[in-house]
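Structure record follows, encoded as structure tokens.
Residue numbers begin at 1 in each chain, while the letters A, B, ... track the order of the sequences.
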Protein chains: 2
Amino acid sequence: MMISTKGRYAMRVMIDLAEHGGDGYVAMKEVAERQQISLKYLEKILPALVAEGLVEGVHGKGGGYRLTRKPEEYTAGEILRVAEGELVPVACMLCGAEPCKRAAECRTLPMWTKLGTVVGDYLDGVTVADLINGKA
Amino acid sequence: MMISTKGRYAMRVMIDLAEHGGDGYVAMKEVAERQQISLKYLEKILPALVAEGLVEGVHGKGGGYRLTRKPEEYTAGEILRVAEGELVPVACMLCGAEPCKRAAECRTLPMWTKLGTVVGDYLDGVTVADLINGKA
DNA sequence: TTTATACCTACCGATAAGGTAGGTTAATAA
DNA sequence: TTATTAACCTACCTTATCGGTAGGTATAAA
């Protein structure tokens, strides 16, 4: 029952970009230093965020990344789903999982489903702006 | 963000004991067959449940396991914590983790803490009896 | 043309997941 | 007393994931 570093670091990058970005681009080298995260590891996390349009990057001198929306328009749930994959609590609920034959009579599936909803609802209710303002 | 088979199987064993136990002992061989879980793997999960007093086992012919309380007196949260370990969502919140130096100014820690509470509260509100009656 | 940066691919060590295999101990029934 | 049953214990195994590192290429600005 764990969010891995991938998701946690993605959250911190988004917050860092919101706090230090302004209108310009922020180099990952800076973020890595501020957040005490290996630059090389950050470089493995960013492509997913770019692919889903959460941030955009530009090459070369003076380049870096910036948010594509305002901080209040990102939810933690959205960021985590992009960085981590689905937020479901059990493997049998994963999208690509082979359908469980016991699902119909499974005594526990309703609980896992509800747990997924509880987690998703909470995380979808927290925005990057909330995290910066300490309102989470 | 996943509950492993260990926790899921533990839940199913507890439910199975509640449904088929009555006052007597149920052999894991039966449970394994009914639940379609490898007997050998079940034998690795049960010791923790015994150690924490959730079930008790007796050796030999006619032996097996039985619940030590009524089904409505077990919560899913309790069972999962015994089988899986702590239910916290991030490694830095684990009991034995070395304290994070950034904790005081961490923008995300409050969210993880709240998420842990949300998950714990939900799971602590579901009993084995609820799962049997479909009230979860 | 130099420099800074994103971006890409491959690898790597450690750990955990999800088991198997083969025994020993304890209790009951024959 | 002996056979049987079932809990319990220890060791091992395979595969995948975690959390990175290394070394490059592409691109844009100065």
Is the backbone N or O of B/G62 less than 3.5 Å from a side-chain atom of B/Y25, with the two atoms forming a donor-acceptor pair by type? no

Is any NZ, NE, NH1 or NH2 atom of the basic residue among [X] and [Y] found under 4.0 Å from an Asp or Glu carboxylate oxygen of the other?
X	Y	result
B/R34	B/E19	no
A/R107	B/D130	no
B/R81	B/E78	no

In residues 63-70 of chain A, which ones come under 4.0 Å of DNA chain C, going by heavy atoms? A/G63, A/G64, A/Y65

Whole Å only: how far is the [atom1] atom of [X] from the [atom2] atom of [N]?
X	N	atom1	atom2	value
A/K61	C/dT2	NZ	C1'	7 Å
A/M2	C/dA16	CE	P	10 Å
A/L17	C/dA6	CG	P	10 Å
A/K29	C/dA6	NZ	P	10 Å

Have a look at A/V26 and say if it touches a base, only the backbone sugar-phosphate, or nothing, with a 4.0 Å heavy-atom cut-off.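 Result for A/V26 = sugar-phosphate.
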
Contact boundaries of DNA chain D with chain B (under 4.0 Å, heavy atoms), 5' to 3'? D/dT5 to D/dC9

Do A/V58 and A/L49 share a hydrophobic cluster, counting only Ile, Leu, Val, Met, Phe, Trp and Tyr and linking them when any side-chain heavy atoms are less than 4.5 Å apart?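 In one cluster: no.
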
Please list residues of residues 38-51 of chain A whose heavy atoms come under 4.0 Å from any atom in DNA chain D, ordered by number; otherwise none.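 Those residues whose heavy atoms fall under 4.0 Å from DNA chain D, taken from residues 38-51 of chain A in numerical order, are A/S38, A/K40, A/Y41, A/K44.
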
Just to verify, which of B/R66, B/M14, B/R69 counts as forming a side chain to side chain contact (heavy atoms under 4.5 Å, CB included) with B/V55? B/M14

Is it true that A/Y41 and A/Y9 have ring centroids separated by less than 6.0 Å? yes

